[in-house]
2 protein chains.
Amino acid sequence: MNDLDLLFSALADSTRRDILARVSEAEMSIGQIAEHYGLKFGSISKHIKVLETARLISKHRRGREQIVTIVPATLAIARKHIERYAAIWADRFEQLDELLKEEDE
Amino acid sequence: MNDLDLLFSALADSTRRDILARVSEAEMSIGQIAEHYGLKFGSISKHIKVLETARLISKHRRGREQIVTIVPATLAIARKHIERYAAIWADRFEQLDELLKEEDE
DNA sequence: CGTTCATTCTACTATCTAGTAGAATATTCT
DNA sequence: AGAATATTCTACTAGATAGTAGAATGAACG
C-alpha cells in the first residue's frame, strides 16, 4: 500500500475522522480520546496507529501518556490530490463553494 | 458504511484514483478505461462500480457502451471535509501551498 | 433472428480489517 | 523495589474486499 492509499483509507472510517476532528481542536492523550467512544481502549489505540501510519497525526510521550497531534501537511497533500482530479472543473467548483456554505454534515 | 466512508475508501486505491484522473480529463467508455490496466475487465468494472457508489463518477449509456463522467460535487465534499480538520491551521496551510507548488506525485 | 460487442452478475478464493481479550512494556508514585 | 497507570503487542474471530472465471444481459449489426 502506498502513501496515498494509507492516507485515504485512514480517512475512510468515521471513528478515525472523528478522532482527527477532535485532535485538530486540541492536543489530547490517547486515553482522553478513547473516553469518547463505546469501544475498548485497544481498538482506539489501533485506530490511532492507523492515523499515525498515514502520517495524519503524530505522537509524543509526556510522562506516562502519549500525546496526539495533527499533522496538517498530510491533510494538505490529500486536498491537493482531490483538487487535481477536479482541476478542469474549476469554474463549477466556485459555484459549488457557494452551495456548500449552507450545507453541513 | 456512510457516504463519507464510501467516498474516502473509493479514493483509497491507486487504480481507482488513476481512473478518476483519466476521466477528469475526458469522458470514456468502461472498455476504453479498462485497456490501460493489467487487470481483467470484470475487475475494472468492479472498481468503476465502487466509484459510482461513492458518487465520484456517473455512467450513461451511449449505444452499447457505458460512458463514465466525473461528478465534481462529490470531490468538493471530500475537499470540504479535509479542510475542516485543518481549519485551525489555516496560516500554516498557506505556507504549505507554497511548498506544494514544487512537489509532484 | 442470430451473432457480436460491451458490460454486469454470480460464485469462489485469498487477503485484509475491526474489534476483543489478555499478556507485556514503559513510566510514575509510594 | 512494588503497585498503579497508560499504552502496545499478540492471537483470535467475523466480516469486508480484490481479483478471476464464466454465465447472463442489453444493444447493435448483418
Side-chain angles (χ1 to χ4, degrees), chain A residues 1-23 26-71 78, chain B residues 1-23 26-71 78:
Chain A
M1 246 189 172
N2 69 34
D3 285 6
L4 228 34
D5 291 0
L6 289 171
L7 173 46
F8 286 118
S9 62
L11 290 171
D13 177 284
S14 60
T15 301
R16 288 193 292 262
R17 287 194 305 276
D18 198 73
I19 290 171
L20 220 44
R22 246 173 241 289
V23 170
E27 295 189 340
M28 303 172 86
S29 72
I30 295 177
Q32 287 173 318
I33 293 167
E35 286 169 12
H36 297 282
Y37 306 94
L39 292 170
K40 299 293 168 187
F41 190 96
S43 178
I44 298 298
S45 171
K46 251 189 181 179
H47 278 305
I48 287 172
K49 178 105 187 169
V50 171
L51 291 168
E52 189 186 20
T53 303
R55 285 183 272 200
L56 281 162
I57 59 157
S58 67
K59 292 185 291 195
H60 61 273
R61 187 173 280 279
R62 188 170 66 201
R64 24 188 169 186
E65 297 175 323
Q66 299 269 55
I67 304 299
V68 175
T69 329
I70 204 158
V71 179
Chain B
M1 246 190 172
N2 69 34
D3 284 5
L4 228 34
D5 291 0
L6 289 171
L7 172 47
F8 286 117
S9 61
L11 290 170
D13 178 284
S14 61
T15 302
R16 288 194 292 261
R17 286 193 306 277
D18 198 72
I19 290 171
L20 220 44
R22 247 172 241 289
V23 170
E27 295 189 341
M28 303 174 87
S29 72
I30 295 177
Q32 288 173 318
I33 294 167
E35 286 168 13
H36 297 283
Y37 305 94
L39 292 170
K40 299 293 168 187
F41 190 96
S43 178
I44 298 297
S45 172
K46 253 188 180 179
H47 279 305
I48 288 172
K49 179 105 187 169
V50 171
L51 291 168
E52 189 186 19
T53 303
R55 286 183 272 202
L56 282 162
I57 59 156
S58 67
K59 291 185 291 197
H60 61 273
R61 186 172 280 280
R62 188 170 65 202
R64 24 188 172 186
E65 298 175 322
Q66 299 266 61
I67 304 299
V68 176
T69 329
I70 204 157
V71 179

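Below, chain A is the first sequence line, B the second, and so on; all start at residue 1.
- The CG-P distance, from A:Asp5 to C:dC16, rounds to 13 Å in whole Å.
- With contacts defined as side-chain heavy-atom distances shorter than 4.5 Å, the pair B:Asp5/B:Asn2 qualifies.
- More than 12 heavy atoms of other shown residues, nucleotides or ligands fall within 6.0 angstrom of atom CZ in B:Arg22.
- The shortest heavy-atom contact between B:Val23 and B:Val68 is CG1-O, 3.7 Å.
- The shortest side-chain heavy-atom distance between B:Thr53 and B:Lys49 falls under the 4.5 Å cut-off.
- Rounded to whole angstrom, the span from the CD atom of B:Gln32 across to the P atom of C:dA6 amounts to 10 Å.
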Check residues 58-66 of chain B and write down every donor-acceptor pair under 3.5 Å in which the side-chain atom is one partner and the other belongs to a residue at least two apart or another chain.
from    : atom 1 : to      : atom 2 : distance (Å)
B:Lys59 : NZ     : B:Glu52 : OE1    : 3.1
B:Arg61 : NH1    : B:Gly63 : O      : 3.4
B:Arg61 : NH1    : B:Arg64 : O      : 3.4

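- Rounded to whole angstrom, the span from the CZ atom of A:Phe41 across to the C1' atom of D:dC9 amounts to 13 Å.
- Straight-line distance from the CD1 atom of B:Ile48 to the C1' atom of D:dG19: 15 Å, rounded to whole Å.
- Straight-line distance from the NE2 atom of B:His60 to the P atom of D:dA27: 15 Å, rounded to whole Å.
- Taking atom CD1 of residue B:Ile19 and atom P of nucleotide C:dT7, one finds them 12 Å apart after rounding to whole Å.
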Item to complete: Encode nucleotides 17-30 of chain C as B, S and - characters from 5' to 3', where the letter depends on protein heavy atoms closer than 4.0 Å: B to the base, S only to sugar-phosphate, - to neither.
Response: SBBBS-----BBS-

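- Note that CG of B:Asp18 and CD1 of B:Ile33 are 10.0 Å apart. Values are rounded to the nearest 0.5 Å.
- What separates CD1 of B:Ile57 from C1' of C:dT7 is a distance of 13 Å, to the nearest Å.
- In this structure, the CD1 atom of A:Ile67 is 12 Å from the P atom of D:dT8, given to the nearest Å.
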